[in-house]
Asks: 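So that we are looking at the same thing, I have put the structure below in structure tokens.
What you see is a predicted model; the values in this text were computed from it and never measured. When reading the values below, keep in mind they use all heavy atoms of this one structure, side chains included, and skip hydrogens, waters and symmetry mates.
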Amino acid sequence: MVSAALLYKTAFSSRFHEHSFRTPLLPLHSKTRRTSQSTRKRPTLHKIRAMPFSSSATNRDSNGGEEEAALRSFKLNEQTFLASLMPKKEIRADRFVEDHSEYDGRGVVIAIFDSGVDPAAAGLQVTSDGKPKILDVIDCTGSGDIDISKVVKVDGDGCIVGASGRQLTVNPSWKNPSGEWHVGCKLVYELFTDTLTSRLKKEIKKKWDEKNQEAVAEALRHLDEFDQKHVKVEDASLKRIHEDLKNRVDLLRKEADSYDDKGPIIDAVVWNDGELWRVALDTQCLEDDSASGKLADFVPLTNYRIERKYGIFSKLDACSFVTNVYDEGNILSIVTDCSPHGTHVAGIAAAFHPKEPLLNGVAPGAQLISCKIGDSRLGSMETGTGLTRALISAVEHKCDLINMSYGEPTLLPNYGRFVDLVNEAVHKHRLIFVSSAGNNGPALSTVGAPGGTTSSIIGIGAYVSPSMAAGAHCVVEPPSEGLEYTWSSRGPTVDGDLGVCVSAPGGAVAPVPTWTLQRRMLMNGTSMSSPSACGGVALLISGMKAEGISVSPYTIREALENTAISVGGGFPEDKLSTGQGLIQVDKAFEYLRQSRDTPRVRYEITINLAGKSNPTSRGIYLRDASACVQTSEWTVQIEPRFHDGANNLEQLVPFEECVKLQSSEKAVVKAPEFVLLTHNGRSFNVIVDPTNLSDGLHYYELYGIDCKAPWRGPLFRVPITITKPLAVKEHIPLIKFFGMSFLPGHIERRFISVPLGASWVEATMKTSGFDTSRRFFVDVLQISPLKRPMKWESVATFSSPSTKNFSFNVENGRTIELAIAQFWSSGIGSHEATLVDFEIEFHGINTNKEELLLDGSDAPERITAEALLSSEKLVPSAILKKIRVPYPAIESKLIALPTDRDKLFSGKQILALTLTYKFKLEDAANVKPDFPLLNKRVYDTIFESQFYMISDSNKRVHALGDVYPKSSKLPKGEYTLQLCIRHDNVQYLDKLKQLVLFIEKKLEVKDLIRLSCFAQPDGAVMGNGSFKSSVLIPGELEAFYVAPPSKDKLPKSCPPGSILVGEISYGKPSVAIEKGKQISYQISYVVPPIKVDEAKPKDLSSYCKKSVSERLQEEVRDAKIKFLGSLKQGTEDELRQWKDLCVSLKSEYHKYTPLLAKILECLLSQSAGADKLLYHEQVIHAANEVIDSIDKDELAKYFSLKSDPEDDEAEKIKKKMETTREQLIEALYRKGLALAEIEASKDETPAAEDRPEQHNLFEENFKELKGWVDVKSSKYSLLLVAHERRSKRLGTALKVLNDMIQDDAEPPKKQLYELKLSLLEEIGWKHLVSYEKQWMYVRFPPSLPLF
């Protein structure tokens, strides 16, 4: 520890996948289920291999059986318990390191693409051979970026003014040859996780409450003393004093109720010491001791990779951070983690605990690069910007490996901008990319992008061994053998690739950041299996480098797959869960030794149905009934691919392999026996005959064996997955599955062809035969072209034998998979099988239009409906729930990003297109921005990234997001939305300059529009013939009309061209459907043009009574006054000319009130300038001229009488007198404010008795204003605040000001909050002063944050 402000060390010598995949792959205890699926367990059957191998492969398999037996026969003691917390035995990493102690990851650099790694975490300081463990820590998202382009100089006292406005003392020992100090600031909570922020808020609130309670106690004491001194208060002055004391108590209590901590503001200062950019932070706001956290006491940092130092903000948060400076000192990146996830992942891969070796990561000798891809602004979701910059960093640091435990479902596998960049990194720069397959199992085709869907990435499934279950998970009785976690995602991909490559242990107790206030934590997920496998690969690379074996991602993947041992029952279809099996490090290394002279080649497989060029796939996937009732022929193209830059003459030309093609089941998959492969590849046809297969899942492989080196095992594999569905044959569309038996981890799959006409399912699950509670995953999944897999899921817990009902949507004509899995640890120790009966009944109402568009005309839409399966009740219901308003971009700006972190490894600089939109809300509303072209795609899009910010006129950011926009509550007002889109191709970005923004708002319940249905086309006009319901009989059509909404029901904020969107449903399931997943379809209504009311003609009768000369003089006069108001007053010359014209007009139109009011208005629009006293005196003079020009007695007399509203002439006089009154009130109000400002601006304010004349001026003016208006109204409250403040009734002044602020519906006015701050300072409530200063930065930031 070097100071209370900074704890640092030198590391010397020494969106996670979720159901929608937008967060890290976290443990099962998190709310959402995640990608990956568990392996089927059939303990009564013998284990068999999915395909034949050479003798050496068979030996490996038998050895694998021995290894699995060893994993089963463990005994738990202290040593085995500790070892189970960081599993290595399962992949034989422990044995490998025992045999090769110097191949423990030394010489290997791993890039961790994650939520950020804490350099202060246990085990992440040094490697096993004493080198620095973490070489660099980078925030690739930009979430910690601070704009420090503002430059200041040191004053005579050695101080600078920070970006927050605080006075900061600079340490005189800091070298700064230029004398330029870059300053910036940030709300510290923006750097912290929600968990840490929540903890800090509780701590800070506790201390704040203590201070506030002290202030309340003191205010109550003053009130009590007053009450004791004045038992009976009758004097008006004393009443006002009593009210003021009471207001102080009420204010303090209200502040406690409305307390909302936005966090302390830290100042950042950056300078160049002649060699390096240096960084210092002022963190006094985080410290209890005012002497701690000062800027001058901070030990300066620089870019982490240079000195490898980190800081800690304060003892309270215990959060470490590092700094990086970009763009020649104009951008400071403060790097913190956005979740414990990344540190945990890094610990699994490479932690080194010299005193606790059993808790070491898999490769304790490896070094790390932390690339934060989880954006703190979005919780922890990854962004395209973060992913791209992370790849750039990995290549720049010459990393050997990448681990990424993030991902999400994808529309298109093996496609997109990120995939293209990954391919370049792998194929050209030879990086080995390992990634999690996902936690979205147990259904098939649930692997996520990029880990499970990208050919160049090694996707990892999650395995749990008996020792892990007993030790890390603390189950009462562990399973008898290892198995895949239930939630681990399964293949194949929608284009037929296997999806999961291999498996590794998916749980560990590993290091976590210091801010968690603990050293280690248990997490499980494919997020954990990925770094376990990555650590295993690091061991292989370490050994390969030591023995001079060329490292290639191609040979390493081949070694992992061909030496892995099968998991569970060893059935062929188990590969869809586990990949080729559980990796074995020692065997893989022997394989690599033996294949050191083989070509470094990958085999790219492209498949298409014979005779069709599109679509292409990477495997054969027969899923629907039509594909399973006939033989099909497929063309398979195998293309050997060398690394980029391979030598034509030495590598490409000589390459030639005689490959023997083997089918795991020749009765189903037939192919030629041999092919000769050259560098240019070879195609051949494959016949797949599923006609004789039973219903259910079948998996086969066609693989190629090198005739000259059969010991290598398969060079490539063509996966063939067939899900032959059951057909609904009964007249009643009902399928029942009886007596399914479940043990922990067991999965039953049923594939059913959804009958034509079905649109929803009503299902019943009945359990029996068990004692203790059982937990089941029930998944239903369908696949449609160019659409993310449609998945319905439920976690059903049965505390006793019972029945549960479900209902979900389906798409007719396509196969659904019903996957029922007993959770792997549910029922362990019970020894009783759970019996399950599952019943599925299909329902459906077919219509001619599933999605309905009402085009804005008055014509209704005709809908025809029929039931194809059984009788259904037709109950149409349509409701419009939200409005989508389109906005064009008002500005577009295209720039090349300035920093090296945005320069691709190809050398191209990334470009950024910023589009600006403006929109206005007439009332507060929940809004969600929508860009249909870009939204909901992270990996399967050609664009690198997009990020938006919504700000108000004060530059306060109210909402931000990326491809998954969220609704945000915005107050009434005008807003600016800026969208930043990144890519290196200018042509792509140019095409987006006219991108349309939709602002989507949910309608209030009172504004929901229910549409009517009619039996006749004219029903809406006639007002009769409504259609309520009908019973549909199979084979008969029914028709009805949906009428558009009447124009008087349209919401006010509904401009022409906007779209009202809602839902239409046709039937009601008998089983309740989960909220938000009702069986309904989209209905839209385009708002038509609205007739504009014609303006009433101007009454010129009285005007025409005047002569032409009089009318001309009035027009000229009014034009002159209007011209005066339009003149600019920015420069001295412009101001002089304006004053000259004022003098001229005043002499021409003597005491003409509208002219004098316009002069006062123009004067108020000017800035006060340096001489504020002179300015306020000019305002008083101009206001006096207005006041003196008005006969106040005549005005008062007029308003004391009633006018005849039927008399047009009287109405005109009334409007004129009302205008004159408003001008008088405005002049009195502005004069009072100016008088108050003059008093406040004087340094020494004499006592009231010493300045009776000035005091009387304000009081007389205030009294006169009270005669015309209620000064308590919000429009004039500012003067009332000044009045109360002058009378030292600060509590009342604050109350009036707070009421004024709350009544102000527009964006906050800085002037009001500055006044509030000065009142709080004057009253002496320091804790509220500090609180309001934090809010000042939130409400009125100096500039918009960086993207």
Asks: Assess, by modelled atom type and distance only, whether the side chains of Ser465 and Ser467 contain a donor and an acceptor separated by less than 3.5 Å.
Replies: yes
Asks: Please report the closest heavy-atom contact between Ser530 and Asn403, naming both atoms and the distance.
Replies: OG-OD1, 2.7 Å
Asks: Just verifying a value: how many Å separate Ile747 CD1 and Met740 CE, rounded to the nearest 0.5 Å?
Replies: 13.0 Å
Asks: Give me the atom names and distance for the closest heavy-atom approach of Thr767 to Val836.
Replies: CG2-CG2, 4.0 Å
Asks: Regarding Arg750 and the six-membered ring of Phe737, is the cationic atom NZ or CZ under 6.0 Å from the ring centre and inside 45° of its axis?
Replies: yes
Asks: Please name all residues satisfying salt bridge (Lys or Arg N to Asp or Glu O under 4.0 Å) with Arg814, sequence neighbours left out, ordered by chain then number.
Replies: Asp624, Glu811
Asks: Go through the steps for Leu734 and Ile840 under the test side chain to side chain contact (heavy atoms under 4.5 Å, CB included), then give the verdict.
Replies: CA-CA 6 Å; Leu734 182 68; Ile840 290 179; over 6 Å; no
Asks: Quick one: do Ser830 and Asp771 satisfy side-chain hydrogen bond (donor to acceptor under 3.5 Å, both in side chains)? Show the steps, please.
Replies: CA-CA 8 Å; Ser830 170; Asp771 45 12; 2.9 Å; yes
Asks: For Gly506 versus Met468, what's the shortest heavy-atom pair and its separation?
Replies: N-CE, 3.8 Å
Asks: Can you confirm whether the side chains of Glu817 and Thr723 place a donor and an acceptor under 3.5 Å from each other?
Replies: no
Asks: Within 45° of the axis and under 6.0 Å from the centre of the six-membered ring of Phe823, does NZ or CZ of Arg775 qualify?
Replies: yes
Asks: Any donor and acceptor pair, going by atom type alone, linking the side chain of Ser753 with main-chain N or O of Thr815 inside 3.5 Å?
Replies: no
Asks: Could you go through Leu483 and Val464, starting from their C-alpha distance and side-chain angles, then the distance that decides it, and tell me whether this counts as side chain to side chain contact (heavy atoms under 4.5 Å, CB included)?
Replies: CA-CA 6 Å; Leu483 69 162; Val464 56; 3.8 Å; yes
Asks: Whether Lys791 and Asp779 form a salt bridge (side-chain N of Lys/Arg under 4.0 Å from carboxylate O of Asp/Glu) is what I want to check.
Replies: yes
Asks: Taking the basic N atoms (NZ, or NE/NH1/NH2) and the acidic carboxylate oxygens, is any pair closer than 4.0 Å for Lys766 and Glu839?
Replies: no
Asks: For the backbone of Met528 and the side chain of Ser532, can you confirm whether one donor and one acceptor N or O come within less than 3.5 Å of each other?
Replies: no
Asks: I need the minimum non-hydrogen distance between Val447 and Gly452, along with the two atoms involved.
Replies: CG2-O, 3.6 Å
Asks: Are any non-hydrogen side-chain atoms of Thr721 and Leu697 less than 4.5 angstrom apart?
Replies: yes
Asks: Donor-acceptor check, side chain of Lys88 to backbone of Leu358, threshold 3.5 angstrom: yes or no?
Replies: yes
Asks: Stepwise, does the side chain to side chain contact (heavy atoms under 4.5 Å, CB included) test hold for Ile828 with Val476?
Replies: CA-CA 7 Å; Ile828 282 184; Val476 175; 5.6 Å; no
Asks: Just wondering, do Met86 and Val362 contact through their side chains at under 4.5 Å, heavy atoms?
Replies: no
Asks: Quick one: which of Tyr699, Tyr621, Tyr700 gives a side chain to side chain contact (heavy atoms under 4.5 Å, CB included) with Ile722?
Replies: Tyr700
Asks: So, taking the atom named OH in Tyr485 and the one named OG in Ser825, what distance separates them when rounded to the nearest 0.5 Å?
Replies: 9.0 Å
Asks: Distance only, no hydrogens: is a donor on one side chain within 3.5 Å (strictly under) of an acceptor on the other, for Ser807 and Glu762?
Replies: no
Asks: Nearest 0.5 angstrom please: Ile565 CD1 to Gln580 CD, how far?
Replies: 13.0 Å
Asks: Main chain of Met404, side chain of Ser435: is a donor-acceptor contact present, judged purely on distance under 3.5 Å?
Replies: yes
Asks: If you round to the nearest 0.5 Å, how far is CG of Leu693 from NZ of Lys724?
Replies: 5.5 Å
Asks: Establish, for the pair Lys736 and Phe838, whether the NZ or CZ atom is under 6.0 angstrom from the six-membered ring centre and no further than 45 degrees off its axis.
Replies: no
Asks: Do the non-hydrogen side-chain atoms of Leu560 and Ile458 ever get within less than 4.5 Å of each other?
Replies: yes
Asks: Given side-chain hydrogen bond (donor to acceptor under 3.5 Å, both in side chains), test His341 with Ser527 step by step and report yes or no.
Replies: CA-CA 8 Å; His341 188 267; Ser527 278; 2.7 Å; yes
Asks: Side chains of Leu818 and Ile820: does their closest heavy-atom pair fall under 4.5 Å?
Replies: yes
Asks: Any side-chain heavy atom of Met521 within less than 4.5 Å of one from Val509?
Replies: no
Asks: Going through the distances and angles, do Thr80 and Asn77 end up as a side-chain hydrogen bond (donor to acceptor under 3.5 Å, both in side chains)?
Replies: CA-CA 5 Å; Thr80 56; Asn77 54 40; 3.1 Å; yes
Asks: Heavy-atom distance under 4.5 Å between the side chains of Ile720 and Glu701, does that happen here?
Replies: no
Asks: For the pair His344 (side chain) and Ala508 (backbone), establish whether a donor and an acceptor sit closer than 3.5 Å, ignoring hydrogens and angles.
Replies: yes
Asks: Strictly distance-based, threshold 3.5 Å: is any side-chain N or O of Ser741 a donor or acceptor partner for the main-chain N or O of Ala833?
Replies: no
Asks: Would you please indicate yes or no on a ring centroid separation below 6.0 angstrom for Phe776 and Phe742?
Replies: yes
Asks: Is Asp495 close to Pro413 at the side-chain level, that is, under 4.5 Å between some pair of heavy atoms?
Replies: yes
Asks: Measure from the side-chain N and O atoms of Gln79 to the backbone N and O of Ala83, and report whether any donor-acceptor pair falls under 3.5 Å.
Replies: no
Asks: Check whether any side-chain N or O of Ser529 sits under 3.5 Å from a backbone N or O of Gly461 as a donor-acceptor pair, and report yes or no.
Replies: yes
Asks: To the nearest 0.5 angstrom, please state how far the CD atom of Glu90 sits from the OG atom of Ser503.
Replies: 12.5 Å
Asks: Looking at every non-hydrogen atom in both residues, tell me the closest pair between Val502 and Ala564 and how far apart they are.
Replies: CG1-CB, 4.4 Å
Asks: Run the side chain to side chain contact (heavy atoms under 4.5 Å, CB included) test on Thr446 and Leu781 for me, step by step, so that the C-alpha distance in whole Å, both residues' side-chain angles and the decisive distance to 0.1 Å come before the verdict.
Replies: CA-CA 9 Å; Thr446 50; Leu781 187 135; 3.7 Å; yes
Asks: Which pair of non-hydrogen atoms, one from Phe777 and one from Gly441, has the smallest distance, and what is that distance?
Replies: CD2-O, 4.1 Å
Asks: So, taking the atom named OG in Ser768 and the one named CG in Asp837, what distance separates them when rounded to the nearest 0.5 Å?
Replies: 6.0 Å
Asks: Within the side chain of Asn812, is there an N or O that forms a donor-acceptor pair under 3.5 Å with the backbone of Leu756?
Replies: no
Asks: Please answer whether the main-chain N or O of Ser339 pairs with a side-chain N or O of Ser380 as donor and acceptor at a distance below 3.5 Å.
Replies: no
Asks: Whether the Glu872 and His843 side chains hold a donor-acceptor pair (N or O, under 3.5 Å, no angle test) is what I'd like checked.
Replies: yes
Asks: Compute the ring centroids of Phe806 and Trp792, then answer whether they are less than 6.0 Å apart.
Replies: yes
Asks: Mind running side-chain hydrogen bond (donor to acceptor under 3.5 Å, both in side chains) on His831 and Glu477 for me, showing each step along the way?
Replies: CA-CA 10 Å; His831 303 291; Glu477 183 178 323; 3.2 Å; yes
Asks: Answer yes or no: is there a side-chain heavy-atom contact under 4.5 Å between Thr453 and Asp497?
Replies: no
Asks: Can we call the ring centroids of His746 and Trp824 under 6.0 Å apart?
Replies: no
